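First up is the structure itself, then whatever we jot down about it.
Residue indices begin at 1 and follow the sequence shown. Because the structure is predicted, anything quoted here is derived from the model rather than measured. Both backbone and side-chain heavy atoms feed into the values below; hydrogens, waters and symmetry mates do not.
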Amino acid sequence: FGATAGEIWMVFWHVAATFCSIIFILPIGNLLIACKECPKDISLFSKISLVLNRTEAMTITYFSTPRAADALVFLLCILPFFFSFIVAKSLIPFLHPYHFDPLFSRIDYGLHFEHYPHTLLPQLKHSFFFIQSAEFAYIAWFILLPIANGYAVFFDKIRARRNSYLWASFALWVIGGNILATVFSSVGPVFYGDFFNGPNPYPDILADVTTASSLGSVLWPETVKILLAFDKQHMACNLNAISAFPSMHVGASMLSTLYAYSISRKLGIFMALYTAFILMSSITLGMHYAIDGYFIILFIALVWWALNRFH
């Protein structure tokens with residue numbers, strides 16, 4: 001596809017990193033459990049020995065349970081789609097050139113009573129604290145996702161709940177990340193002026209990016225530059241590309257919220273607040289249209305309900 005060896009290597013590195021981040025959850029989780037169960041009235045050397053032996057025993061025992069089979073099936077099924085998600089995003093402009101942005105922009109304008117949603121809280125975009133918080137939330141997403149996957153694969157003992165999460169995750173990445181992203185190809189508000197002629201409804205977002213950079217923000221301005229540079233390379237195989245609809249950050253956060261709530265009400269409420277913040281940040285910073293987040297929230301809620309209803 002015109003990709004260099006280094007770029008192909010980076011794609012495989014992303015897949016390997018995803019696999020390892022999930023696999024390492026098992027011994028780390030077992031280590032934490034062993035530490036919690038360790039008696040307090042023994043010597044430090046005995047504690048270390050007991051914890052390591054207990055961790056090894058629990059890790060080995062896991063592979064003799066039905067959960068190991070579920071984990072193997074999930075990893076073998078989902079990892080190729082993680083790979084395809086990384087690569088397929090760069091194929092979107094070749095398979096179905098971007099053209100849904102004007103429609104999504106009008107939908108946003110109508111849904112929010114003739115206001116563009118990113119203008120509803122203008123003071124946030126000029127707040128360095130908000131920008132830093134949004135960037136931190138986005139970074140945390142890359143940590144929370146493998147933790148949720150790892151817990152579901154290795155530690156959740158309720159098979160129906162575990163499989164509901166895994167199947168919903170499969171639907172999220174395959175249907176949402178690959179199929180819908182290609183069919184409804186769009187770039188998002190911050191890139192509107194770079195891809196569409198005529199009046200740009202989002203000129204203030206570009207000014208906000210410059211302002212954020214002057215305030216000391218790094219992640220948001222650099223992400224905009226990198227994604228735009230990826231697209232301008234015009235290669236059919238790349239690490240990533242621009243794709244707004246649907247918002248996978250919001251979708252994965254929503255799925256984690258539903259899964260967390262099925263485990264613990266308090267944990268579910270915390271994840272709901274996190275998901276709301278991710279949604280608000282993606283809209284305010286112009287990375288997504290509001291409809292990108294609203295749609296994927298409804299989609300994941302419907303998938304989760306159907307899996308639990310008919311499982």
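Aromatic ring pairs are classed by plane angle as parallel below 30°, tilted from 30° to 60° and perpendicular above 60°; the pair F191 and F195 is perpendicular. The aromatic rings of Y138 and H249 lie tilted to each other, with the angle between the two planes from 30° to 60°. Between F299 and F295, the ring planes lie parallel to each other; the angle is under 30°, not in the 30° to 60° tilted range. Note: Y109 and Y116 have tilted aromatic rings, judged against thresholds of 30 and 60 degrees for the angle between ring planes.
The shortest heavy-atom contact between A244 and D292 is O-OD2, 3.3 Å. Residues H112 and A290 approach most closely at CE1-CB, 3.5 Å, considering heavy atoms.
When the side chains of ILVMFWY residues are joined at heavy-atom separations under 4.5 Å, either directly or via intervening members, F136 and L273 end up in two distinct hydrophobic clusters. Linking Ile, Leu, Val, Met, Phe, Trp and Tyr residues whenever their side-chain heavy atoms come within less than 4.5 Å leaves Y261 and I263 in two separate clusters. Grouping the Ile, Leu, Val, Met, Phe, Trp and Tyr side chains by contacts below 4.5 angstrom, directly or via other members, places L298 apart from V250. L267 and Y165 are members of different hydrophobic clusters when ILVMFWY side chains are connected at heavy-atom separations under 4.5 Å. Cluster annotation: F277 and I300 are assigned to the same hydrophobic cluster (Ile/Leu/Val/Met/Phe/Trp/Tyr, side-chain heavy-atom contacts under 4.5 Å, transitive).
Ring centroids of F100 and F245 are separated by 6.0 Å or more, keeping the two rings apart.
Of the possible donor and acceptor atoms, none in the side chain of Y259 sits under 3.5 Å from a partner among the backbone N and O of L166. With hydrogens and angles ignored, the 3.5 Å screen pairs a side-chain donor or acceptor of D101 with a backbone N or O of V187.
For the residue pair S247 / S282, no side-chain donor-acceptor distance below 3.5 Å is found, with atom types taken as modelled.
Side-chain contact between I297 and L279 is present, with heavy atoms from C-beta onward closer than 4.5 Å.
By the 6.0 Å contact criterion, NE2 on H115 is open, its count of non-hydrogen atoms from other residues, nucleotides or ligands being 12 or less.
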